[in-house]
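Here is how names work: the chains are called A, B, and so on, in the same order as the sequence lines, proteins then strands, and each is numbered from 1. Every heavy atom of this structure was used, including side-chain atoms; hydrogens, water molecules and symmetry mates were not.
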Amino acid sequence: MSEKNKERYDPQAFESKWREKWLETGLYNASSHDARPKYYCLDFFPYPSGAGLSVGHCRNYVPTDVICRYQRMNGRNVLHPMGWDAFGLPAENAAINQGRHPSETTREYAANYRRQMELIGVGYDWSREINSSDPEYYRWTQWFFLLLHRRGLAFRTSGYQWWCPDCKTILANEQVEAGKCWRCSETVTKKELDQWYFRITDYADRLLEGLDRIDWPERIKMMQRNWIGRSEGSTILFPLEGQEPLEVFTTRPDTLFGVSFMVLAPEHPLVGALTTDDRKSEVEAYAAQTLKQQEIDRLSTEREKSGVFTGSYASHPITGEPVPIWIADYVIMTYGSGAVMAVPAHDQRDFEFATKFELPIKPVIKPVKGELAQPLAEAFQEPGVMFNSGEFDGQPSQAGGQAVTAKLAKQKLGQAAITYRMRDWLISRQRFWGAPIPIIHCEGSCGIVPVPEDQLPVKLPEIAEIKPSGTGRSPLANVAEFVETTCPKCGGPGRRETDTMDGFACSSWYFLRFTSPHTKDRPFDETEMTYWSPTDLYVGGAEHAVMHLLYARFWTKVMFDEGLVPFDEPFPRLLNQGMVHAEDGSKMSKSKGNVISPDSVVDKHGADTLRTYELFMAPFDQPVTWSDQDIKGVHRFLSRIWRLAMEAGNLAALDDAEIDPTSLEPQQLALFKEIHRTAERVTADMDRLAFNTGIAAMMELLNRMYLHHEAHGMDRVLRQAVKMLVLLTAPMAPYMTEEIWSRAGGAYSIHQQPWPAFREAMLQRETFQLVVQVGGKKRDAIDVPVDIDADQAKELALNSEKVKPYLDGKKVLKAIYVPGRLVNIVVK
RNA sequence: GCCGGAGUGGCGGAAUUGGUAGACGCAAGGGACUUAAAAUCCCUCGAGGCUAUGCCUUGUGCCGGUUCGAUCCCGGCCUCCGGCACCA
């Protein structure tokens with residue numbers, strides 16, 4: 001390398017300059033809808049935390065940025081927006097912990113996130129930045145609430161629900177993980193309150209069915225399927241003396257003849273009526289105890305079965321035999337009808353219960369092959385053949401169950417039924433920091449009255465005391481100016497609903513707002529929404545599998561039904577980025593103090609090195625371990641490009657089309673072909689989001705370029721190679737390539753250049769290595785012309801000096817030629 | 001327990017999905033340059049072996065199978081990660 005080109009790669013010298021210029025010129029702003037094909041790439045919008053971004057967040061934002069830059073170079077109108085999921089528990093808790101107001105911390109933390117995103121060169125369209133706590137945004141969240149209300153999908157009811165004693169609010173089922181609050185990990189309890197719900201259960205089947213039409217990680221689909229929990233079976237009525245029959249749900253109507261007792265959930269409404277006087281004190285004590293301890297670990301599978309007899313009997317719907325009715329906490333009130341028919345011979349839980357309380361165990365299903373163990377050591381739960389079942393004996397489980405249900409249906413004692421585990425989405429929060437639920441309770445006789453659309457937004461009052469009270473009422477309840485209002489219907493006095501909406505309501509439609517974020521009179525502009533939607537790619541972590549990703553699908557289906565959007569799946573393609581672990585393999589967390597910030601990495605190596613490293617370390621969706629050692633490798637790679645580029649001089653004037661391959665020396669031609677082959681490989685890798693192998697391909701080219709440089713110096717083919725490599729690396733290393741481009745006489749910006757094309761003709765090879773195998777083992781490799789035919793190839797193979805010894809004294813049975821690859825000689 | 005995903009060198013990972021296993025990078029060892037260090041560059045690098053500039057055997061979690069040929073397909077196990085967990 002000559003003296004004058006000794007300037008080293010120093011990202012600090014130019015990164016901030018380009019960062020400012022990109023922002024100034026709005027380089028990454030999407031156009032309004034136009035004739036170009038669009039590409040809408042969306043990242044999960046984050047709640048801004050005081051801790052700032054880690055290199056883990058970058059694993060989400062950098063790859064999507066690279067995809068967007070690539071799509072832009074390919075002529076797409078690209079929308080890559082960013083905003084803030086600012087309302088909700090996470091943001092509010094963080095603020096309270098700091099002793100500050102969330103409106104203030106949100107602003108500050110969001111600004112820091114944005115600074116960091118700009119720092120690492122992610123090209124968001126900041127003209128579309130949105131914030132879900134902005135009244136201009138949440139008026140439309142409230143508008144959607146009214147839409148759901150109008151369609152009968154928002155309702156208010158009372159019940160025992162999950163309550164987080166730390167966050168002092170009710171939570172949705174989705175937001176309780178293994179008995180703990182999803183935000184603060186406090187063990188949840190139950191509280192009875194009037195609450196607002198969205199009727200997501202109405203959409204259970206459609207939410208299930210839609211999963212088959214979308215390209216999502218199998219894991220996430222599986223989690224949603226589990227969560228929805230569809231079970232097919234029957235409801236069966238067990239007549240009771242002197243009252244309405246007892247309803248149960250079962251997936252195994254074929255086991256009906258094996259019922260030896262019934263079990264109700266302790267909270268079941270019939271418990272009182274069914275308890276006989278002599279059992280009363282015991283039953284009430286058990287029910288009370290269940291209610292108290294259920295918060296702790298009614299969830300545990302390990303617990304021994306417990307329960308008490310009510311003293312009553314139901315009659316079997318077919319045999320009429322009396323069946324004793326028990327209560328036990330292993331039966332849950334909120335699933336099915338809160339009551340089960342117990343078949344101990346064929347259900348393990350019932351088996352354990354029957355064993356403990358010495359209740360009869362009557363087998364009615366036997367295996368298709370073989371016999372049941374005598375006596376049963378555990379329940380036989382597989383399907384089989386019915387016996388001990390009167391007229392149904394000999395029927396297989398599936399058909400027999402249907403026959404049983406059909407017979408019951410005739411007597412109006414049963415029918416086929418489907419049950420779901422998913423419950424309706426509870427959206428009331430007794431918290432300040434959320435969109436107020438736009439409802440007024442009339443003090444007169446109008447009851448619950450929705451706030452008229454033209455009175456939206458219902459704004460949060462500006463108050464200092466926002467801490468949750470713990471009384472089961474939101475802090476808004478203490479703000480008279482907020483609460484006291486007039487009833488829109490009768491004009492008399494009214495009181496505003498003081499609960500706010502779950503933060504997940506805000507994130508259930510934000511992807512539509514990005515398409516026209518400044519629209520004033522509607523949630524989004526129809527033309528823009530139709531042009532941009534649905535998203536082409538949605539990327540984020542797996543932690544929202546049964547929260548945000550389920551809720552947003554639900555809202556979209558409601559909007560589809562309302563005719564607001566022309567699609568019912570908002571995210572046809574979803575990817576989860578892999579997590580970044582700390583160097584010791586543990587999770588990065590604030591409490592462990594092992595979080596690596598992008599700031600520190602940019603400071604040390606520059607933004608492009610951080611970006612390229614994140615892309616190179618592993619496939620995009622794989623978890624990775626951060627390594628200060630490995631990052632040096634990609635830094636070296638970028639430095640090596642830089643050095644060659646500095647020597648290459650003016651690149652802008654170079655034109656690939658002007659190079660006539662026939663005029664090149666053989667070694668130049670070899671490199672020239674390598675350039676085009678690399679362009680092809682990188683293009684294919686970008687299309688399948690295989691950034692790690694794409695970078696590897698570029699590293700290979702670079703290695704060859706250095707060898708060429710050694711032998712031939714900076715000739716015109718090498719300069720062409722430099723130009724190609726700079727364009728191919730532009731999406732990954734936007735700063736360095738912009739600097740090189742500008743020094744090399746290129747017009748601003750390199751990020752508006754077309755993605756390099758490759759010449760098909762240059763991908764052709766004249767020869768290839770023909771591998772010769774004997775019995776599947778490689779024995780030779782011969783350079784042969786590409787157009788060699790099978791007979792020629794086989795002849796060459798058979799005559800190879802290296803192969804001959806292996807054919808000695810053997811009989812050649814056949815030779816298989818795989819075009820362009822190998823000949824395998826089969827001997828005996 | 002049930003469901004989903006994955007097992008390839010010292011490490012991260014490649015392999016056009018049935019066709020040369022280990023691309024690319026890190027680490028390690030050796031060398032060049034340098035007063036020295038950093039930086040840079042070159043060579044070696046799965047294991048075992050041999051008559052060693054080359055060649056042989058073996059090798060993709062384990063055991064079988066299909067095939068001319070298996071990291072890839074089939075059957076049976078083992079391990080790890082993630083999710084759900086008394087849902088009748």
Side-chain angles (χ1 to χ4, degrees), chain A residues 1 8 177-178 217-227 229-231 233 248-252 255 262-263 265 298-303 305 328-332 334-343 346-350 352-353 381 419-423 542-543 545-546 576 579 613 616-619 621-625 627-634 636-637 639-640 643 681 684 690 692-703 706-707 710 769-781 802 805 813-827:
Chain A
M1 203 82 40
R8 287 177 52 189
E177 296 163 350
E218 212 33 64
R219 187 170 47 123
I220 304 287
K221 289 194 192 184
M222 180 262 300
M223 284 167 76
Q224 292 210 349
R225 286 193 188 103
N226 279 351
W227 187 260
R230 185 182 199 269
S231 288
V248 300
F249 173 76
T250 180
T251 54
R252 294 292 303 273
T255 64
M262 318 278 297
V263 187
R298 192 170 162 185
L299 299 156
S300 166
T301 335
E302 308 298 306
R303 282 174 58 228
K305 294 282 178 289
D329 65 3
Y330 79 90
V331 174
I332 301 165
T334 44
Y335 181 76
S337 62
V340 303
M341 57 177 226
V343 185
H346 304 292
D347 181 285
Q348 187 58 25
R349 295 155 304 188
D350 300 343
E352 286 165 18
F353 195 85
Q381 305 196 94
T419 297
Y420 303 91
R421 297 171 77 159
M422 183 171 66
R423 322 281 158 73
E543 66 274 14
V546 293
N576 299 127
M579 271 226 296
Y613 175 52
F616 182 63
M617 52 205 309
D621 54 356
Q622 222 111 122
V624 290
T625 303
S627 159
D628 275 333
Q629 200 73 256
D630 290 5
I631 198 171
K632 289 182 193 156
V634 296
R636 231 168 257 155
F637 167 60
S639 308
R640 278 157 57 88
R643 285 208 311 274
R681 284 173 68 187
N692 57 331
T693 50
I695 292 169
M698 294 190 276
M699 286 172 164
E700 276 184 71
L701 174 62
L702 184 63
N703 289 342
Y706 267 85
L707 291 178
E710 189 97 339
Q769 278 221 316
L770 178 73
V771 168
V772 184
Q773 297 181 334
V774 180
K777 284 183 182 165
K778 181 185 168 188
R779 297 302 178 193
D780 197 7
K802 287 180 179 165
L813 293 178
K814 58 176 168 176
I816 292 155
Y817 174 58
V818 182
R821 297 204 181 274
L822 53 78
V823 171
N824 190 13
I825 300 165
V826 186
V827 294

Query raised in the report: For B:A88, does either OP1 or OP2 sit under 4.0 Å from a side-chain N or O belonging to A:Tyr335?
Result: yes

Query - Geometric class of the A:Tyr335/A:Phe249 ring pair [parallel <30°, tilted 30-60°, perpendicular >60°] - result: perpendicular

**Report entry** Nearest-angstrom distance, P atom, B:C63 to B:U8
**Finding:** 16 Å

Query raised in the report: From B:C26, B:A88, B:A23, pick the nucleotide closest to the side chain of A:Gln629?
Result: B:C26

Requested in this report: For A:Arg636, answer base if it contacts any base atom (sugar-phosphate contacts may also be present), sugar-phosphate if it contacts only those atoms, and nothing otherwise; contact means non-hydrogen atoms under 4.0 Å.
Outcome: sugar-phosphate

**Report entry** Value in whole Å for how far the C1' atom of B:A88 lies from CZ of A:Arg230
**Finding:** 17 Å

Report task. Side chain of A:Lys778 only, please: which of B:C68, B:G12, B:U20 is the nearest? Result -> B:U20

Report task. State the OH-CD1 distance between A:Tyr817 and A:Ile825, to the nearest 0.5 angstrom. Result -> 13.5 Å

Query - Interatomic spacing from CE in A:Met422 to CZ in A:Arg230 - rounded to 0.5 Å - result: 11.5 Å

Report task. Name the nucleic acid region contacted by A:Phe637, choosing base, sugar-phosphate or nothing; use a 4.0 angstrom heavy-atom cut-off, strictly under. Result -> nothing

**Report entry** Validation row: A:Leu707, A:Glu710 side chains within 4.5 angstrom (heavy atoms)
**Finding:** no

Report summary line: Taking pairs as Watson-Crick (N1-N3 plus N6-O4 or O6-N4) or G-U wobble (N1-O2 and O6-N3), each distance under 3.5 Å, the stems of three or more consecutive pairs with RNA chain B are B:1-7 with B:78-84, B:10-12 with B:24-26, B:28-32 with B:40-44, B:46-50 with B:54-58, B:61-65 with B:73-77

Report task. Using whole Å, report how far CD of A:Gln622 lies from P of B:G13. Result -> 6 Å

Query raised in the report: Ignoring hydrogens and angles, are the base of B:C84 and the side chain of A:Asn226 linked by a donor-acceptor pair under 3.5 Å?
Result: no

**Report entry** Interatomic distance at P, B:G7 relative to B:C62, whole Å
**Finding:** 13 Å

Query raised in the report: Does a nitrogen or oxygen in the side chain of A:Asn692 sit under 4.0 Å from OP1 or OP2 of B:G25?
Result: no

**Report entry** Atom-to-atom span, OH of A:Tyr613 to P of B:G13 - whole angstrom
**Finding:** 10 Å

Query raised in the report: Taking N and O atoms by type only, does the side chain of A:Lys802 place a donor or acceptor under 3.5 Å from a partner on the base of B:C55?
Result: no

**Report entry** Selection from B:U20, B:C41, B:C24 that lies nearest to any side-chain heavy atom of A:Gln769
**Finding:** B:U20

Query raised in the report: Counting any heavy atom closer than 4.0 Å, what does A:Ser231 reach on the DNA or RNA strands: base, sugar-phosphate only, or nothing?
Result: sugar-phosphate

Query raised in the report: For A:Asn703, which contact category applies under a 4.0 Å heavy-atom criterion: base, sugar-phosphate, or nothing?
Result: sugar-phosphate

Requested in this report: Please work out if A:Met222 contacts a base, only the sugar-phosphate, or nothing of the nucleic acid, heavy-atom cut-off 4.0 Å.
Outcome: base

Requested in this report: Provide the distance between the two C1' atoms, one in B:A88 and one in B:C73, to the nearest whole Å.
Outcome: 39 Å

Report task. Return no unless some side-chain N or O of A:Arg779 is found under 4.0 Å from OP1 or OP2 of B:C56. Result -> yes

Query raised in the report: Taking the C1' atom of each, how far is B:C86 from B:C78, in whole Å?
Result: 29 Å

Query - Name of the residue among A:Val818, A:Leu822, A:Val826 meeting side-chain contact (heavy atoms from CB on, under 4.5 Å) with A:Gln773 - result: A:Leu822

Report summary line: A:Arg252 CZ to B:C86 C1', in whole Å, measures 17 Å

Query raised in the report: Mind checking whether A:Asp350 and A:Tyr330 have side chains closer than 4.5 Å, heavy atoms only?
Result: yes

**Report entry** N/O donor-acceptor pair under 3.5 Å between A:Asn824 side chain and A:Gly776 backbone
**Finding:** yes

Requested in this report: Would you indicate which nucleotide in B:C24, B:G19, B:G4 comes nearest to any side-chain atom of A:Leu822?
Outcome: B:G19

Report task. Between B:G22 and B:G10, how far apart are the P atoms? Round to whole Å, please. Result -> 16 Å

Query raised in the report: For B:U57, is chi within 90° of 0 (syn) or not (anti)?
Result: anti

Requested in this report: Output yes when at least one side-chain N/O atom of A:Arg643 is less than 4.0 Å from OP1 or OP2 of B:A39, else no.
Outcome: no

Requested in this report: Assign B:G76 to syn or anti; the rule is syn for a glycosidic angle within 90° of 0 and anti otherwise.
Outcome: anti

Report summary line: When rounded to whole Å, the CZ to C1' distance for the pair A:Arg640 and B:C24 reads 12 Å

Report summary line: Here the distance between atom P of B:A88 and atom CG of A:Asp329, to the nearest Å, is 17 Å

Requested in this report: Using a heavy-atom cut-off of under 4.0 Å over every strand shown, decide if A:Asp630 touches base, sugar-phosphate, or nothing.
Outcome: sugar-phosphate

**Report entry** Atom pair distance, as rounded to whole Å: CE in A:Met698 and P in B:G25
**Finding:** 13 Å

**Report entry** Integer angstrom distance from the P of B:G25 to that of B:C41
**Finding:** 11 Å

Query - Spatial distance of atom CD1 (A:Ile220) from atom CD (A:Glu543) [nearest 0.5 Å] - result: 9.0 Å

Query raised in the report: Quick one: is B:U58 close enough that its OP1 or OP2 comes under 4.0 Å of any side-chain N or O from A:Lys777?
Result: yes

Requested in this report: Counting heavy atoms from C-beta on, name the nucleotide in B:U20, B:G19, B:G25 closest to the side chain of A:Val771.
Outcome: B:U20

Query raised in the report: Out of B:G5, B:G83, B:A88, which has the shortest distance to the side chain of A:Met223?
Result: B:G83

Query raised in the report: A:Pro217 near the nucleic acid: base, sugar-phosphate alone, or nothing, with a heavy-atom cut-off under 4.0 Å?
Result: nothing

Query raised in the report: Is it the case that A:Asn703 and A:Arg640 place a side-chain donor and acceptor less than 3.5 Å from each other?
Result: yes

**Report entry** Assigned glycosidic conformation for B:A47 [threshold 90° from 0]
**Finding:** anti

Query raised in the report: Expressed in angstrom and rounded to an integer, what is the separation of A:Arg219 atom CZ from B:G4 atom P?
Result: 14 Å

Report task. First locate atom CE of A:Met579, then atom OG1 of A:Thr625, and finally report the distance between them rounded to the nearest 0.5 Å. Result -> 10.0 Å

Query raised in the report: Which listed nucleotide (B:A88, B:G13, B:A23) is nearest to the side chain of A:Val331?
Result: B:A88

Requested in this report: Using only heavy-atom distances, decide whether a donor-acceptor pair under 3.5 angstrom links the side-chain of A:Arg681 to the base of B:U16.
Outcome: no

Query - Spacing of the C1' atoms in B:G30 and B:U20 (rounded, Å) - result: 29 Å

Query raised in the report: Looking at residues at least two apart in the chain, or sitting in another chain, which of them share a side chain to side chain contact (heavy atoms under 4.5 Å, CB included) with A:Asp780?
Result: A:Val772, A:Ile782, A:Ser800, A:Lys802, A:Val803

**Report entry** Nucleotide of B:G19, B:G4, B:A14 approaching A:Gln773 most closely (side-chain heavy atoms)
**Finding:** B:G19

Report task. Could you work out the separation of B:A21 and B:U58 based on their P atoms and round it to a whole Å? Result -> 12 Å

